[in-house]
*Asks:* 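First the structure, which I've put down as structure tokens, then a few questions once you've had a look.
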Amino acid sequence: MFENNDYIKKKAIIIAAILKLKNKEQIKNEMNELNYLAKTLGAKVLKIFVQNIKKKNPRTFIGKGKIEEIKQFIIRKKIKIVIFNENLSPSQFKNIEQLFKSKVVDRTKVILDIFSKRAKTSYAKTQIKLAQYKYSLSKLPKLWTHLEKQRGGIGFRGPGESEIETDRRNIRKSIKKLTKTIKLIDNQMETQRKHRKNIIRISLVGYTNVGKSTLMNVLSNANVYVENKLFSTVDTTVRKIKILNKRFLLSDTVGFITNLPHQLITSFKSTLYEIKESDLLIHLIDINKKSFIKDITCVENILLEICINKPNINVFNKIDICKNLNTKKYFLYKKYGNNILFVSARKKHNIELLNKTICYINKYYEPNVVFKVLK
Ligand SMILES: Nc1nc2c(ncn2[C@@H]2O[C@H](COP(=O)(O)OP(=O)(O)OP(=O)(O)O)[C@@H](O)[C@H]2O)c(=O)[nH]1
Ligand SMILES: [Mg+2]
């Protein structure tokens with residue numbers, strides 16, 4: 001199987017299709033992100049191909065002409081990895097790999113591989129393994145299609161089908177085993193959580209690379225891994241912190257991203273449980289990203305998908321390098337009202353204000369106030 005280390009120093013290209021549903025700006029953001037993800041895995045992206053299509057080609061997703069153009073580029077530049085922004089069907093994978101004679105991966109696979117590279121604890125590793133198996137299962141060619149049944153009747157088998165069936169059986173077995181292991185760890189964690197029941201819990205949530213771990217370090221004087229790469233944090237870290245003499249539990253969680261693979265969301269349910277159990281969410285946003293409003297919506301949608309509806313406060317980070325801060329502030333106050341904060345975790349700007357706000361939110365001391373940002 002193609003693993004997370006197999007990208008290192010390999011020449012790669014990215015392919016995206018613009019369907020009617022997507023606008024150019026959205027594709028541009030997704031391309032930048034995918035390029036960044038590929039680089040994080042060590043691949044060298046030489047070119048990004050984008051094609052406008054009205055509908056997907058069932059065999060190759062994009063059109064015949066574009067496939068030929070890309071094929072020539074692959075031969076000329078000796079490309080080893082082709083990264084598709086879209087999710088491909090098992091047969092599209094097979095057809096495109098045959099045509100290009102290089103490894104084809106899609107966005108979901110890239111994200112899964114980054115997660116597997118980043119995971120440190122055995123719990124996170126198990127969750128990712130489970131997500132990877134679920135992904136592999138979804139990419140195995142479908143057997144016994146309606147047409148084959150008609151053509152061959154009972155007993156008709158295409159080449160390699162019995163191996164695929166064996167693969168499928170083995171993957172299912174592994175999924176069952178991993179699910180059991182995760183359940184066991186979950187039960188242990190549940191007991192731990194019960195012990196911490198009467199401490200107020202805060203979770204840092206947000207898009208990947210917005211500065212959650214940096215803020216965690218500032219608020220807790222801890223040493224959580226910080227890096228200018230997507231998905232530095234895959235494991236949840238929980239720390240006891242004291243703000244203005246009040247005790248809290250602060251957790252730093254995995255970052256979100258547009259089109260977070262569904263397999264990951266379901267496998268990470270228990271990690272995300274930490275967020276579910278929180279009394280307050282600090283939603284951190286990188287104010288310098290062009291797409292930051294979209295990122296806010298993306299995070300909010302994922303939280304909704306996993307049924308998390310908690311008091312939260314939007315905290316805009318990285319103001320130390322923000323151009324037109326006042327214009328942005330004006331726009332954001334208008335859009336979100338006064339319950340927002342502007343900080344720099346790196347330069348420790350406005351951290352005192354954030355601390356005071358967190359304490360003010362503390363429901364034990366202010367029973368009638370859910371949250372209100374101090375100014
Ligand atoms: N200029 C500036 N950079 C910051 C600030 N806060 C964090 N960063 C940088 O942003 C990058 C990402 O920071 P992290 O703390 O790893 O971000 P994260 O949200 O935990 O990322 P993931 O764990 O990947 O989801 C690092 O290079 C940080 O140094 C800030 O206030 N200003
Ligand atoms: Mg992090």
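Order of appearance sets the numbers: ligands from 1, and atoms from 1 within every ligand.
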*Asks:* Is NZ or CZ of Lys47 both nearer than 6.0 Å to the six-membered ring centre of Phe73 and within 45° of the ring axis?
*Replies:*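 That pair qualifies as a cation-pi contact.
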*Asks:* Give me the one residue out of Phe342, Phe331, Tyr333 that meets ring-ring contact (aromatic ring centres under 6.0 Å, His included) with Phe316.
*Replies:* Phe342
*Asks:* Indicate every side-chain donor-acceptor pair of residues 171-183 with a distance under 3.5 Å to a residue at least two apart or in another chain.
*Replies:*
residue, atom, partner, partner atom, Å
Ser174, OG, Asn170, O, 3.0
Thr179, OG1, Ile175, O, 2.5
Thr181, OG1, Lys177, O, 2.9

*Asks:* At less than 4.0 angstrom from any non-hydrogen atom of Gly255, what atoms of ligand 1 do you find?
*Replies:*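 This gives 25 (O) as the contact atoms.
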*Asks:* Any carboxylate oxygen within less than 4.0 angstrom of a Lys/Arg side-chain nitrogen, looking at Glu97 and Lys103?
*Replies:* yes
*Asks:* Kindly confirm or rule out an N or O of Val210 lying under 3.5 angstrom from an N or O of ligand 1.
*Replies:*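 Yes, at least one N or O pair falls under 3.5 Å.
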*Asks:* Hey, is ligand 1 close enough to Val343 that some N/O pair sits below 3.5 Å?
*Replies:* no
*Asks:* For atom 19 (O) of ligand 1, which candidate among Arg118, Lys347, Lys212 provides the closest heavy atom?
*Replies:*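 The option holding the nearest heavy atom is Lys212.
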*Asks:* Any nitrogen or oxygen of Thr214, main chain or side chain, under 3.5 Å from a nitrogen or oxygen of ligand 1?
*Replies:* yes
*Asks:* With sequence neighbours excluded, what pairs up with Tyr330 under the ring pair (Phe, Tyr, Trp, His ring centres under 6.0 Å) test?
*Replies:* none
*Asks:* Check whether any N, O or S atom of Thr214, backbone or side chain, sits closer than 2.8 Å to the Mg ion (ligand 2).
*Replies:*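 Coordinating: no.
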*Asks:* Strictly below 4.0 Å, N to O, side chains only: are Asp113 and Lys109 in salt-bridge contact?
*Replies:* yes
*Asks:* Less than 3.5 Å between some nitrogen or oxygen of Gly211 and one of ligand 1, yes or no?
*Replies:*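 Right, the criterion is met.
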*Asks:* List every atom of ligand 1 that sits less than 4.0 Å from any heavy atom of Asn209, numbering the atoms from 1 in the order shown and giving each element.
*Replies:* 11 (C), 12 (C), 17 (O), 18 (P), 19 (O), 21 (O), 22 (P), 24 (O), 25 (O)
*Asks:* Could you tell me whether Lys66 and Glu69 make a salt bridge, using a distance below 4.0 angstrom between a side-chain N and a carboxylate O?
*Replies:*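 Answer for the salt bridge query: yes.
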*Asks:* Once you restrict to heavy atoms under 4.0 Å, what part of Asn317 touches ligand 1? Side chain, backbone, both or neither.
*Replies:* side chain
*Asks:* Please confirm whether Thr208 comes within less than 3.5 Å of ligand 1 when only nitrogen or oxygen atoms on both sides are compared.
*Replies:*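 In this structure, Thr208 places an N or O atom under 3.5 Å from an N or O of ligand 1.
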